Amino acid sequence: MTSHHLRPRLGVLLSGTGRTLQNLLDRTGDGRLRASVAGVASDRAEAFGLQRAMDHGLETRHLREPSAIWSWLLELDVDLVVLAGYLRLLPIVPEFEGRVLNIHPSLLPRHGGKGMHGDRVHSAVLQAGDVESGCTAHLCDERYDHGRILVQARVPVLPGDSPAALAQRVFAAECEVYPAAIALRWHELQRG
Ligand code: GRF
């Protein structure tokens, strides 16, 4: 799949609040990320992230079936699929191999996999006594939280940290890392 777009068109999939979507909207809006959000789909009709997308006048869909998701993404002519707090495993069709990105709030391969999301990740980090955590943006494959790592950032675990305090520190890093990973992957694809 080659693209005629100068900036990547992003198809965003989410299940939750859409904080990651908001960060992408902020950064595509002010030009820090040279990309555009073409549409947002969620497996959950009530996801607050879908509401955010609607408030921005974006194309939105409530979709669960992978075949419906892919035909919508093809119709939207997206270049990259950005998982933004999307809790399902998405089987990737050949046209989009190497074009689906995820961000996970830990230093993968630590603390990833099915069911590891949100505060469960940060609780696991604290329970393990890790002295640092961070976030990982990666390409997606057929396994949860698995695929080539694009960008990672580290944050310290501080004495007395709660899962919520650690989550906040990690999310601030995610806000830098995900746009950087999107730009990097787009650059790689353009170079061919
Ligand atoms: C982020 O922390 C990211 O690591 C994970 O989902 C979270 C965003 O979800 N993949 P949300 O936007 O708060 O629902």
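Everything quoted here is computed from the prediction, not taken from an experiment. Residues take their numbers from the sequence shown, with the count starting at 1. Start at 1 and go down the list; that is how both ligands and their atoms are numbered.
- Counting only N and O atoms by type, the side chains of Asp145 and His111 include no donor and acceptor under 3.5 Å apart.
- In this structure the side chain of Thr20 never reaches within 4.5 angstrom of the side chain of Leu14, judged on heavy atoms.
- Considering backbone and side-chain N/O atoms, Ile103 comes within less than 3.5 Å of an N/O atom of ligand 1.
- For the pair Arg185 and Glu188, the salt-bridge criterion is met [side-chain N within less than 4.0 Å of a carboxylate O].
- Near Thr20, meaning under 4.0 Å from one of its heavy atoms, ligand 1 places the atoms 1 (C), 8 (C), 12 (O).
- Less than 4.0 angstrom separates some heavy atom of Gly16 from each of these atoms of ligand 1: 14 (O).
- Below 4.0 Å from some heavy atom of Pro105 lie the following atoms of ligand 1, by number and element: 4 (O).
- A heavy-atom separation below 4.0 Å is not found between Gly49 and ligand 1.
- Of the protein's heavy atoms, Thr17 OG1, 3.2 Å lies nearest to atom 11 (P) of ligand 1.
- Gly85 CA, 3.7 Å is the protein heavy atom nearest to atom 9 (O) of ligand 1.
- Protein heavy atom closest to atom 12 (O) of ligand 1, with residue, atom name and distance, is Arg19 N, 2.7 Å.
- The side-chain heavy atoms of Leu87 and His117, taken from C-beta on, include a pair separated by under 4.5 Å.
- In this model, no donor atom of one side chain and acceptor atom of the other lie less than 3.5 Å apart for Arg19 and Asn23.
- The contact set between ligand 1 and Gly18, taken as ligand atoms under 4.0 Å from a residue heavy atom, comprises 11 (P), 12 (O), 14 (O).
- Atoms of ligand 1 found under 4.0 Å from any heavy atom of Glu174 (numbered from 1 in listed order, with element): 1 (C), 2 (O), 3 (C), 4 (O).
- A salt bridge links Arg88 with Asp43: the closest approach of a Lys/Arg side-chain nitrogen to an acidic carboxylate oxygen falls below 4.0 angstrom.
- Proximity of a side-chain donor or acceptor of Asp79 to a complementary backbone N or O of Arg9 within less than 3.5 Å is detected.
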